[in-house]
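All of these numbers come straight from a predicted model, not from anything done at the bench. Convention: sequence-line order gives letters A, B, ...; per-chain numbering from 1. Only this structure's heavy atoms are used, side chains among them; waters, hydrogens and symmetry mates stay out.
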2 protein chains.
Amino acid sequence: MKTEKNKSPYVTKQRRIILSFLEEQRGRHYSALEISDRLKERGESIGQATVYRSLEKLESEGLACRLYSGEGQPACWMLCEKDGDAGERHYHLVCRKCGGLTHIECEYLEKLAPHILAEHGFTLDPFCNVLYGLCRSCSSDE
Amino acid sequence: MKTEKNKSPYVTKQRRIILSFLEEQRGRHYSALEISDRLKERGESIGQATVYRSLEKLESEGLACRLYSGEGQPACWMLCEKDGDAGERHYHLVCRKCGGLTHIECEYLEKLAPHILAEHGFTLDPFCNVLYGLCRSCSSDE
DNA sequence: CTAAGTGCAAAATGTTTGCATACTT
DNA sequence: AAGTATGCAAACATTTTGCACTTAG
């Protein structure tokens, strides 16, 4: 259940570039377009389609994960931080108003995934969970 | 903080149609296109743009809420179930694989929103919160 | 009468796909 | 040599916008 379906991917230049970008930006999340722009800036342009395809591949290998930031906004990607279910998870709070994405870790939330699995039979994504609402500053100017 | 910005909306035929569709389907969620199709079937066609605009309006009035079902999939809409922050919330589990949307209520989750507000200064959407992962059946055939 | 809502068609956005070419193994 | 990955441009799906027209207050 660990490496069975990962038939060692081709190591292409584009894969290396994307992977090293994400590694360098560990802990941050970027949309496919942002990634492609950043790479272009540094003269390592990669075709749009390839960026999407590579990210998807990295996700299916369990190396990267995708954050659904809400309709309209593009999905964001980042490297997975820990492997398997063991490590701590982190959650993301997405502000419906400003679109801001905050990354939090706390012990209450640590128990969320085990609870959902035990009580509701649903396996939460190990790395990227998103909750929607309003961030502090947006909720004060409502 | 309750009715201040709701300047009693125009009651148009289209608004009435959409609202009564959602009322009739209380507890279920539909994408804008589904709503528009359903209405067309029963001879109450409404322009696409109007459906989107009305739903958005209902959301801003706090009558309907939008569920971000994940990239690719369209947003879904449903009538809010309770008013204000007082009532119980419910959460949605969205399966990354089959796209299924399960609706759960439980006491552990009841405490989630107060926790997030108190500890992280973030106000979760009162009605629609979505967690991503794999549902029971999809996680067993992984 | 005025402000707001409607419908259509056109644009915008993010993502995917087809296909010929190039690269990895 | 066989199997993948790439890049481009075209296709897609969902949502938004511009604008002339209608309707509610």
Side-chain angles (χ1 to χ4, degrees), chain A residues 5-21 29-40 43-61 63-78 94 96-97 99 101 130 132, chain B residues 5-22 29-40 43-61 63-77 94 96 99 101 130:
Chain A
K5 63 182 176 188
N6 303 0
K7 25 174 63 182
S8 51
Y10 275 32
V11 181
T12 64
K13 191 176 61 169
Q14 290 81 348
R15 180 186 167 93
R16 251 184 264 117
I17 291 175
I18 290 178
L19 214 35
S20 73
F21 174 80
H29 20 66
Y30 295 92
S31 70
L33 268 58
E34 280 168 341
I35 292 174
S36 143
D37 286 350
R38 297 300 191 96
L39 295 179
K40 194 179 299 169
E44 309 180 299
S45 293
I46 292 181
Q48 220 58 271
T50 301
V51 174
Y52 281 102
R53 284 188 279 227
S54 304
L55 290 170
E56 200 169 77
K57 186 148 218 298
L58 291 173
E59 179 182 35
S60 76
E61 293 166 37
L63 291 176
C65 66
R66 186 194 311 223
L67 284 138
Y68 302 100
S69 321
E71 165 195 317
Q73 272 112 286
C76 285
W77 301 81
M78 66 191 300
V94 174
R96 261 192 4 241
K97 202 163 185 182
L101 219 156
V130 183
Y132 295 96
Chain B
K5 64 180 174 187
N6 302 1
K7 25 173 61 181
S8 52
Y10 276 34
V11 180
T12 64
K13 190 175 63 167
Q14 291 81 346
R15 180 186 167 94
R16 253 184 261 115
I17 291 175
I18 291 179
L19 215 34
S20 72
F21 173 81
L22 291 177
H29 21 65
Y30 295 92
S31 70
L33 269 59
E34 281 167 343
I35 292 174
S36 143
D37 286 350
R38 297 299 192 96
L39 296 178
K40 193 179 300 170
E44 308 181 300
S45 293
I46 292 181
Q48 221 57 271
T50 302
V51 173
Y52 281 101
R53 283 188 280 228
S54 304
L55 290 170
E56 199 169 78
K57 187 147 218 301
L58 291 173
E59 180 183 35
S60 78
E61 292 166 35
L63 291 176
C65 67
R66 185 194 312 222
L67 283 138
Y68 301 100
S69 320
E71 166 192 315
Q73 273 112 285
C76 285
W77 301 81
V94 173
R96 258 190 8 236
L101 220 155
V130 183

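- Nucleotide D:dT4 holds its P atom 13 Å from the CD atom of A:E61, rounded to whole Å.
- Between atom CZ of residue A:F21 and atom OG of residue A:S36 there is a gap of 10.0 Å, rounded to the nearest 0.5 Å.
- At whole-Å resolution of the value, CG in B:L39 and C1' in C:dT6 are 15 Å apart.
- If you take NZ of A:K40 and P of D:dT6, they are 17 Å apart, rounded to a whole angstrom.
- Within the model, atoms CD1 of B:I17 and CG of B:L22 stand 12.0 Å from one another, a figure rounded to the nearest 0.5 Å.
- We find the CD1-CZ distance between B:I35 and B:R38 to be 9.5 Å, quoted to the nearest 0.5 Å.
- Rounded to 10°, the helix from C:dC1-D:dG25 to C:dT25-D:dA1 has 30° between the axis fitted to its first five pairs and the one fitted to its last five.
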- Task: Go through B:K13 and B:E44 one step at a time and tell me if the side-chain contact (heavy atoms from CB on, under 4.5 Å) criterion holds.
- Result: CA-CA 10 Å; B:K13 190 175 63 167; B:E44 308 181 300; over 6 Å; no
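- In terms of heavy atoms, B:W77 sits closest to B:A32 at CD1-N, 4.2 Å.
- In this structure, A:L33 places its CG atom 15 Å from P of C:dA12, rounding to the nearest Å.
- Here the CD atom belonging to B:E34 is positioned 8.0 Å from the CG atom belonging to B:D37, to the nearest 0.5 angstrom.
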- After noting the C-alpha distance and the side-chain angles of A:Q48 and A:L33, does the key distance pass the side-chain contact (heavy atoms from CB on, under 4.5 Å) rule? CA-CA 7 Å; A:Q48 220 58 271; A:L33 268 58; 4.0 Å; yes
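- Rounded to the nearest 0.5 Å, atoms CG (A:L55) and OG (A:S60) are 11.0 Å apart.
- Taken residue by residue, residues 44-56 of chain A places heavy atoms nearer than 4.0 Å to DNA chain C at A:A49, A:Y52, A:R53, A:E56.
- Residue B:S31 comes nearest to B:C76 through the heavy atom pair N-SG, 3.9 Å, listed as atom of the first residue, atom of the second, then distance.
- Separation of atoms NZ (B:K57) and CD1 (B:I18) is listed at 12.0 Å; rounding is to 0.5 Å.
- Look at A:Q14 and you'll find a side-chain N or O under 4.0 angstrom from OP1 or OP2 of D:dT6.
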List, with names and distances, any nitrogen or oxygen atoms from the protein found under 3.5 Å away from nitrogen or oxygen atoms belonging to nucleotides 22-25 of chain D.
from: D:dG25; atom 1: OP1; to: B:V11; atom 2: N; distance (Å): 3.4

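- Rounded to a whole Å, the CZ atom of A:R15 is 19 Å from the C1' atom of D:dG7.
- Remark: P of C:dT15 and CD of A:E59 are 12 Å apart, rounded to the nearest angstrom.
- Atom C1' of nucleotide D:dT15 and atom NZ of B:K57 are separated by 19 Å, given to the nearest angstrom.
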- Task: Begin from the C-alpha positions of B:R15 and B:L58 and carry the test side-chain contact (heavy atoms from CB on, under 4.5 Å) through to its verdict.
- Result: CA-CA 9 Å; B:R15 180 186 167 94; B:L58 291 173; 3.8 Å; yes
